[in-house]
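The structure appears right after this line, and notes come after that.
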Amino acid sequence: QVRLVESGGGLVQAGGSLRLSCAASGGTFSSCAMGWYRQAPGKEREIVSAISWSGGSTYHTDSVKGRFTISRDNAKNTVFLQMNSLKFEDTAVYYCAAVCSLGGSSWTDLVHRSPGALDAWGQGTLVTVSS
């Protein structure tokens with residue numbers, strides 16, 4: 001089973017930037033669609049961004065389009081989330097997740113599943129944006 005570990009969270013002022021990383025080990029990372037989710041206190045966990053196994057197709061939820069960019073480096077078994085122009089409402093715990101298949105998973109295979117149906121989750125990294 002693939003294991004995921006997030007890093008890169010921290011405290012940043014509104015308008016600033018952060019880059020989150022998710023390192024994978026075990027399994028076959030290159031066959032997995034990867035996603036970033038976030039959960040703020042008192043709110044539901046929501047999908048933020050997702051990327052297909054090859055990196056050729058991506059998804060970003062409307063609230064982060066134009067500000068966040070997901071990418072991956074399969075040679076390093078790592079997925080990234082570049083977050084620019086951060087807003088106070090971006091404050092949340094950010095989680096990395098994976099859906100894997102032999103033929104290679106699309107981002108749609110990830111975002112259309114409930115969180116409990118995903119193949120792997122990281123422990124989360126906290127992003128705090130001050131206003």
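- Salt bridge present: K65 and D62 bring a charged side-chain N and a carboxylate O closer than 4.0 Å.
- For W121 and Y37, the distance between ring centers is under 6.0 angstrom.
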Worked check of side chain to side chain contact (heavy atoms under 4.5 Å, CB included) between S17 and Q82: CA-CA 8 Å; S17 298; Q82 179 65 47; 4.0 Å; yes
Side chain to side chain contact (heavy atoms under 4.5 Å, CB included) assessment of L20 paired with V79: CA-CA 8 Å; L20 306 183; V79 63; over 6 Å; no
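- Under the 4.5 Å side-chain criterion, counting only non-hydrogen atoms from C-beta, W36 is in contact with C22.
- In the hydrophobic clustering of ILVMFWY residues, with side-chain heavy atoms under 4.5 Å counting as a link, V93 and V64 come out apart.
- Considering only heavy atoms from C-beta on, N74 comes within 4.5 Å of F29 through its side chain.
- Here the side chains of S21 and E6 are not in contact, with every heavy-atom distance at 4.5 Å or above.
- Using the six-membered ring where Trp is involved, Y94 and F68 have ring planes that are tilted, between 30° and 60° apart.
- Side-chain contact between I70 and H60 is present, with at least one heavy-atom pair separated by less than 4.5 Å.
- Of the N and O atoms on the side chains of T61 and S63, not one donor lies less than 3.5 Å from an acceptor on the other residue.
- In this structure, R38 fails the cation-pi test against Y95, since its NZ or CZ atom is not both closer than 6.0 Å to the six-membered ring centre and inside 45 degrees of the ring normal.
- When only modelled atom types and interatomic distance are considered, T78 and D73 share no side-chain donor-acceptor pair under 3.5 Å.
- Residue-environment remark: CD (Q123) exceeds the threshold of 12 foreign heavy atoms within 6.0 Å.
- The side-chain heavy atoms of V127 and D90, taken from C-beta on, include no pair separated by under 4.5 Å.
- In this structure the side chain of V129 never reaches within 4.5 angstrom of the side chain of Q13, judged on heavy atoms.
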